[in-house]
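Computation of the quantities below employed the complete heavy-atom set of this structure, encompassing side-chain atoms and omitting hydrogens, waters and symmetry-equivalent molecules.
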Amino acid sequence: MSLAMAVTAAAAASMVAVSPAVSPPCPAVVVQTTFASAAQARDHKAVTYDTKLVPLSAKVVVVEFLGKPRHYENEHEHGHDHDHQHMGGAARSTPTQSPSPQSPSPQGTQSPQGKGQGTFVGVWVRGVKAHHTFGVHVHTKPCGTMPDDSGPHYQNTKDPKQPSVNPKYANPRNEVWLDLTTNGHGEGYAKAQVDWRFRDSEARSVVIHEHATATGKGHAGMAGTRVACVKVPFKG
């Protein structure tokens, strides 16, 4: 079994209650690649801007599933809580996302598919800096030679004020946050579940930041310098 298949199977299993009557869902997107230099952004799926944190030899897998997980209604972890476990030796960080009174109002631009349809995103890295916490988010544009080329965070309801640092909009219910902490081998895994779908062609990358994501007013969603980026053609 390839690395991408193993990660995809583990991600699929985490979406559904394990039962002989339940078949794991098929991924909408699977990206498996090795980080290249930023100068090669045009021809490579993933690039690093900081080789000390994300070396050229590091590997990454990103998977996306569409549909509401069967256990979603029973999830009670909110916001940026993390459940650190192990999957194939990887330090696993799982920010689960559930509706909250602090979620954005229906005003603004939302995914046309509406709530209840659901999106699951998983990311796995190997060979990055060991024992380090990275902020990881879905962004709106593809990776480029410069860190800012990937644009802002994707938001289900767009903050009318940019850059968005208001926790009403910059939060793990309105965005996709995949913060992870690596183990001694520089390996880590994170998953995120939201109850909406991406708008067509508006979610195009996963960006890895230098430290964990902030949540406070005035700096919500900030996670320091963009150290690496993965091109992902997310489905809506």
Side-chain angles (χ1 to χ4, degrees), residues 1-14 27 29-65 80 82-95 120-139 141-150 153 172 176-192 203-213 222-234:
M1 179 182 291
S2 71
L3 175 61
M5 291 176 62
V7 174
T8 301
S14 72
V29 174
V30 179
V31 174
Q32 178 185 7
T33 190
T34 300
F35 288 98
S37 68
Q40 297 177 290
R42 181 176 179 178
D43 301 318
H44 287 263
K45 294 180 180 179
V47 294
T48 176
Y49 307 110
D50 185 334
T51 56
K52 291 183 178 180
L53 293 178
V54 182
L56 294 175
S57 59
K59 300 181 184 301
V60 62
V61 177
V62 178
V63 294
E64 177 196 23
F65 294 89
H80 204 76
H82 292 112
D83 176 19
H84 294 280
Q85 302 177 35
H86 288 271
M87 187 189 73
R92 181 175 174 184
S93 177
T94 58
F120 174 103
V121 181
V123 61
W124 176 91
V125 293
R126 174 189 285 172
V128 301
K129 184 177 176 60
H131 303 300
H132 187 86
T133 298
F134 293 91
V136 186
H137 317 111
V138 172
H139 282 240
K141 296 180 181 180
C143 312
T145 56
M146 302 299 292
D148 288 342
D149 289 345
S150 53
H153 294 182
V176 175
W177 292 8
L178 295 153
D179 287 23
L180 59 85
T181 300
T182 57
N183 63 16
H185 301 288
E187 189 173 9
Y189 171 73
K191 67 179 181 179
R204 279 292 172 261
S205 61
V206 167
V207 174
I208 301 174
H209 295 255
E210 66 175 325
H211 58 67
T213 307
M222 297 177 66
T225 303
R226 303 179 189 196
V227 300
C229 182
V230 187
K231 296 177 185 176
V232 185
F234 287 107

**Prompt:** Between Ala46 and Thr33, what is the shortest heavy-atom contact and its length?
**Reply:** CB-CG2, 3.5 Å

**Prompt:** Are the side chain of Lys231 and the backbone N or O of Val47 linked by a donor-acceptor pair below 3.5 Å?
**Reply:** no

**Item:** Over all atoms of both residues, closest heavy-atom pair of Cys229 and Val207
**Value:** SG-CG2, 4.0 Å

**Criterion side-chain contact (heavy atoms from CB on, under 4.5 Å) on Val206 and Val136, from CA distance to verdict** = CA-CA 7 Å; Val206 167; Val136 186; 3.4 Å; yes

**Prompt:** Can you tell if the side chain of Val31 reaches within under 4.5 Å of the side chain of Pro233, non-hydrogen atoms only?
**Reply:** yes

**Asked** When rounded to the nearest 0.5 angstrom, what is the spacing between NE2 in His139 and CZ in Phe234?
**Response** 10.5 Å

**Request:** Can you see which heavy atom on Gly127 is nearest to which on Pro55, and at what distance?
**Result:** O-CD, 3.3 Å

**Message:** Holding to side-chain contact (heavy atoms from CB on, under 4.5 Å), I want the full list of residues that pass it with Ala38, two or more places apart in sequence or in another chain.
**Reply:** Tyr49

**Request:** Might you work through the side-chain contact (heavy atoms from CB on, under 4.5 Å) test for Thr34 and Lys59, ending with a clear yes or no?
**Result:** CA-CA 4 Å; Thr34 300; Lys59 300 181 184 301; 3.5 Å; yes

**Thr213 side chain vs Met222 backbone, donor-acceptor pair below 3.5 Å** = no

**Request:** To the nearest 0.5 angstrom, please state how far the CD atom of Gln40 sits from the OG1 atom of Thr48.
**Result:** 11.5 Å

**Prompt:** At their closest point, which heavy atom of Val176 faces which heavy atom of Ala192, and how far apart are they?
**Reply:** CG1-CB, 3.9 Å

**Aromatic ring pairing His153/His209, orientation class (parallel under 30°, perpendicular over 60°, tilted between)** = perpendicular

**Request:** Under the side-chain contact (heavy atoms from CB on, under 4.5 Å) rule, what do Ile208 and Val125 come out as? Steps first, then yes or no, please.
**Result:** CA-CA 10 Å; Ile208 301 174; Val125 293; 4.3 Å; yes

**Item:** side-chain contact (heavy atoms from CB on, under 4.5 Å) between Leu178 and Val121, worked out
**Value:** CA-CA 8 Å; Leu178 295 153; Val121 181; 3.8 Å; yes

**Message:** For Ala130 versus Gly184, what's the shortest heavy-atom pair and its separation?
**Reply:** CB-O, 3.5 Å

**Message:** What I'd like to find out is whether the side chain of Leu180 reaches to under 4.5 Å of the side chain of Val123, using heavy atoms alone.
**Reply:** yes

**Asked** Among Val63, Val62, Val61, which residue meets the side-chain contact (heavy atoms from CB on, under 4.5 Å) test with Trp124?
**Response** Val61

**Message:** Rounded to the nearest 0.5 Å, what separates atom CZ in Arg226 from atom NE2 in His137?
**Reply:** 10.0 Å

**Request:** Tell me, please, which residues at least two apart from Phe35 pass ring pair (Phe, Tyr, Trp, His ring centres under 6.0 Å).
**Result:** none

**Message:** Please report the interatomic distance CZ(Arg126) to OG1(Thr182), rounded to the nearest 0.5 Å.
**Reply:** 13.0 Å

**Message:** For Lys129, give me all partners under side-chain contact (heavy atoms from CB on, under 4.5 Å), at least two apart in sequence or on another chain.
**Reply:** Leu53, His132, Phe134

